[in-house]
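Below is one structure; the comments refer to it alone.
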Amino acid sequence: MDKLSPLPRSFYHRDPVTVARALLGQTLVRIIEHKRQPTRVTRLAGIIVETEAYLGLPDRAAHTYNGRRTPRNQTMWGDGGHAYVYFTYGMHHCVNAVVSQPDDPVAVLIRALQPTEGIDLMFQHRNTGKNRAQKQTQLCAGPARLCQALQIDRTLDGTDLTQTHTLYIERTRPRTLPKNQIIVTPRIGIPNAADWTAKPLRFYIRNNPHVTPTHA
DNA sequence: ATGACGATTTACT
DNA sequence: GTAAATCGTCATA
């Protein structure tokens, strides 16, 4: 298998915790087609440095908790290896990799990237209106920030991540990072999910400055 | 039809 | 530290 090919379907046909760990160090790629010249294309990309696992029916924090199946979350019920993009807080998008098999609605939220390609254009996407200087370390440090930088919205919901098209994930490292390079914590923004609030389901690369800032 | 609520970010006291 | 921004989505009726 080519080192720079998209991760295959089999990569996603595993449990969400395993995939959340294995996605660290892989590259999220977004191909932007220019409106005037569809043949002209820009590659935006970054290394995935932070993820969270969402475990489906039993998971109080998951959109598919208790078997909820709605127009919004339908792609979570489909096959692994597709993008689940949702809109929240009236202004933000977030992107997940759907994992496992059809009818097992589990996913991995992509929370932060280390930008590698198309950084200038990412700054443009992130600097709307009055916003000025931005540090590169906060360019994609957060699930909504990275979606703004890569111009990911609901039109990309359901995109097949194994196809070299508008949005996919490239194999960048052959194996999961060694355990001592992965920090595990509770998930962010899950205040009232009973025992699911504290479960260790957030993963990030040790000492990486592009991870979501946490105020502790 | 209505109301409550976000898998967040940013700005401000 | 706290609060505002801002609206699609979903449960209830």
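Naming convention: chains lettered A, B, ... in sequence-line order (proteins, then strands); numbering from 1 in each chain.
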OP1 or OP2 of B:dT10 under 4.0 Å from side-chain N/O of A:Arg126: yes
Sugar-phosphate only, base, or nothing, as touched by A:Ile190 at under 4.0 Å among non-hydrogen atoms: sugar-phosphate
Sugar-phosphate only, base, or nothing, as touched by A:Tyr89 at under 4.0 Å among non-hydrogen atoms: base
Derivation of the side chain to side chain contact (heavy atoms under 4.5 Å, CB included) call for A:Leu201 and A:Val17: CA-CA 7 Å; A:Leu201 294 173; A:Val17 168; 3.8 Å; yes
Distance in angstrom units between A:Arg68 CZ and C:dT12 P, rounded: 10 Å
Touch class at under 4.0 angstrom, heavy-atom based, for A:Arg187 against every strand present: nothing
Upstream residue (5' side of DNA chain C) when A:His92 and A:Arg154 are each assigned their closest nucleotide: A:His92
Residues, nucleotides or ligands: over 12 heavy atoms within 6.0 Å of A:Asn180 CG: yes
side-chain N/O A:Arg145 vs B:dT10 OP1/OP2, d < 4.0 Å: yes
Rounded distance (Å) that lies between atom P of B:dA7 and atom CG of A:Leu55: 15 Å
Rounded interatomic separation in angstrom, taking CG from A:Asn192 and P from B:dA7: 11 Å
Main-chain N/O of A:Thr172 paired with A:Gln26 side-chain donor or acceptor, under 3.5 Å: yes
Pairing partner (Watson-Crick or G-U wobble, both distances under 3.5 angstrom) of B:dG3: C:dC10
Sugar-phosphate, base or nothing in reach of A:Ala144, heavy atoms under 4.0 Å: sugar-phosphate
Axial cation check for A:Tyr12 ring with A:Arg9, 6.0 Å and 45° limits: no
Enclosure of A:Arg206 CZ (heavy-atom neighbours >12, cutoff 6.0 Å): no
N/O (side chain, A:Arg60) to phosphate O (OP1/OP2, B:dA7) under 4.0 Å: no
Protein-nucleotide distance (A:Gln148, atom CD; B:dT10, atom C1'), rounded to Å: 11 Å
Side chain of A:Met91 - closest among C:dA5, C:dC10, B:dT9: C:dA5
Value in whole Å for how far the P atom of C:dT9 lies from CZ of A:Arg69: 17 Å
Atom-pair distance (CD on A:Gln138; P on B:dT9), nearest Å: 11 Å
Whole-Å distance separating the CG atom of A:Asp59 from the C1' atom of B:dA7: 10 Å
Rounded interatomic separation in angstrom, taking CG from A:Asn96 and P from B:dT8: 11 Å
Listed nucleotide nearest any side-chain atom of A:Phe87, set C:dG8, C:dC10, B:dT8: C:dG8
